[in-house]
Amino acid sequence: MERLIFHIDVNSAFLSWEAARRVKEGLPDLRKIPAVIGGDPKKRTGVVLAKSIPAKKCGIRTGEPMAMAVRKCPNLVSVRSDFELYDRCSKAFKAICASYAPVMESFSIDEVFLDMSGTHYIYPDPIATAHEIKDKIKEELGFTVNVGIGPNKLLAKMASDFEKPDKVHTLFIEEIPSKMWPLPVGDLLFLGRKSVVKLNHAEIYTIGDLAHRSEKEIQYILGNKAGHQLYQYANGIDDTPVKAVPDDPKGYSVETTFDENIKTLEQAFLILLTQVDVVAARMRRDGNKCTCVSVVFRNTEFKNKSHQCKIEGSTDVTDEIYLHVKRLFKESWNGEPLRLIGVALTGITDEDYEQISFFEKPVDRTKNKKLDQAVDEIRLKFGNGMISRASTLNKGAKIGRKAKAQMENQRRKPE
C-alpha cells in the first residue's frame, strides 16, 4: 500500500491563537499589524516567541530580544505569553485533525502528522480533503494552518513549509526535482547551520547539489551517520512511521553556546542552574525521573569534555539534581575558558525509589517537591518568563539571564 502523509502546521501559532481570541472580543487582529508574542513591552525584557507578517517585514526575528525588536519597530504591539490559551487551542486543533485520520502523531504543540494511507475510499481526493481540514479549522477556530501532502513524513513537512499562510502544498516523488532540489541546501529538514557551511565549502549550495553527490562524499563531509541520513533526505527517502504514541524518552538534555567565554564558577553555576531548571521541569511534565546526571562543556579550541554520575535512587527534584551537577562540574573543569555548557539527565524511569542507608537519615524531599510543583504550575499558566530563581536575577547574573533567554527560545518552536 502506498503511503499518504499529511503534515499540518498552525501559521505563527502563538500569535494566531492570541489574535483569534482578540478578534472574538472585537479587538484589532494582531496578524494584520506589527505584533509579537514576547516579554514585557514596558520593560522591554524577554525574547520574541512569535511575530506577525507585518512585524517580519520590519526585520523582526523570532528569538531576538524585545528591546531590539522595539528599536526596529517603535509602534510594535507586544503581548505576553498565555500558555493556558495555547493549550486549549492546540487541543481543539488536534481534535479536528484526529477526526480525519486513523493515526495522528503530535509533533509539537502546533503541528501534527496524519497517516492517511488506505483512506482513499473515504477521501478519494487528498488535496480536496486537505483543503477541507484547513478550512474547517479556520471556520471553527479562527486561525489558519498549512497542510503538506507527501508519501512520507519528510516530504509532507517540507511541503507544508512552502508558501504561507493558509495553503495546501504537495511534494510527491515525481515533484522533487522541480519543487525541492532547487531550494537552498539549508532548507533541508534537520540540516544545521554548521553543516550548511561545510557543504557550501564543497560547492554544495542546493538540495539538488546534495542529492547528486555520492553518499560517500557526503559522509566524508558530515560524518557517516549524518551524511547517510541527509543524503537519503535529499533524495526524498524517509521510512519513519507516524506514531500515535511517542517513544519513551531516553533522556533530557540542553546545551547553550555563548558568544562570550565563560571564565568563572559563578558564571557557570548560573548557567547550570538555569539549564537544570529547564530539563527537570520537562522531565517532570512527562512524569519521569532520572538515575544518572551528566555535564558537558566545550573549550575555545572546540574540545568537548563530559562527566557523569549515577544517583542513588531516582529523582526529579531541581535542587537535588543541581547539587550533583555542581559537583560534577567542579570535579571536571580546570578553569579554561568555555564556549558551551550543557546538562543531560539519563537513566529515565517512571518509578519512584530511593536507596536506603541504615546509617543515614532519609532525605525529606517534600518541601522541594512542593516548590517545583508550584513553579511548574505558574509557568504552565503564565509562561516561562513569569517566575525565575532569585540566584539568576542578581546583578552579577547577566550571562545567566542570557542563557535563560536562549533556552527560552529553544524550548518553543520558532514561529
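All figures in this text were calculated on a predicted structure; none of them were measured in a lab.
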Please answer whether the main-chain N or O of [Y] pairs with a side-chain N or O of [X] as donor and acceptor at a distance below 3.5 Å.
X	Y	result
Asn334	Glu336	yes
Arg284	Asp316	yes
Asp161	Met158	no
Asn152	Ala156	no
Tyr322	Phe269	yes
Asn146	Lys167	yes
Glu140	Lys136	no
Gln275	Ile341	yes
Lys153	Pro241	yes
Ser106	Val112	no

If you count the non-hydrogen atoms of other residues, nucleotides and ligands that lie under 6.0 Å from [atom1] in [X], is the total more than 12?
X	atom1	result
Tyr205	OH	yes
Lys57	NZ	no
Lys94	NZ	yes

Flag the pair [X] / [Y] as yes when at least one side-chain heavy-atom distance between them is below 4.5 Å, and no otherwise.
X	Y	answer
Met68	Arg71	yes
Pro165	Arg31	no
Ile321	Met283	yes

Ion pair [X]/[Y], N-O distance below 4.0 Å:
X	Y	answer
Arg21	Glu18	yes
Asp166	Lys134	yes
Glu111	Lys157	yes
Lys91	Asp87	yes

Heavy-atom closest contact ([X] atom, [Y] atom, distance):
X	Y	answer
Ile37	Ser81	CG2-OG, 3.9 Å
Arg3	Val242	NH2-N, 4.2 Å
Ser160	His7	OG-ND1, 2.7 Å
Leu76	Ala55	CD1-CB, 4.3 Å
Tyr231	Ala211	CE1-O, 3.7 Å
Cys97	Ile137	SG-CD1, 4.1 Å

Could you measure the distance from the [atom1] atom of [X] to the [atom2] atom of [Y]? Nearest 0.5 Å is fine.
X	Y	atom1	atom2	value
Ile176	Trp181	CD1	CH2	7.0 Å
Lys243	Asp115	NZ	CG	13.0 Å
Leu222	Leu210	CG	CG	7.5 Å
Thr318	Glu320	OG1	CD	10.0 Å
Phe297	Trp333	CZ	CH2	8.5 Å
Ile149	Phe6	CD1	CZ	4.5 Å

Using only heavy-atom distances, determine whether the side chains of [X] and [Y] contain a donor-acceptor pair under 3.5 Å.
X	Y	answer
Ser16	Asn11	no
Asn299	Arg339	no
Lys179	Thr170	yes
Thr206	Asp209	yes

Would the Tyr123 and Tyr100 ring centres measure less than 6.0 Å apart?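 Ring centroids of Tyr123 and Tyr100 are less than 6.0 Å from each other.
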Using 30° and 60° as the class limits, which term best fits the ring planes of Phe190 and Tyr233: parallel, tilted or perpendicular?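 Rings of Phe190 and Tyr233: tilted, 30 to 60°.
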Would you call the rings of Phe14 and Tyr86 parallel, tilted or perpendicular, where under 30° means parallel and over 60° means perpendicular?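 Correct class here is parallel.
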For the pair Leu155 and Met180, evaluate side chain to side chain contact (heavy atoms under 4.5 Å, CB included) and give the outcome as yes or no after the intermediate values. CA-CA 9 Å; Leu155 296 181; Met180 190 171 83; 3.9 Å; yes
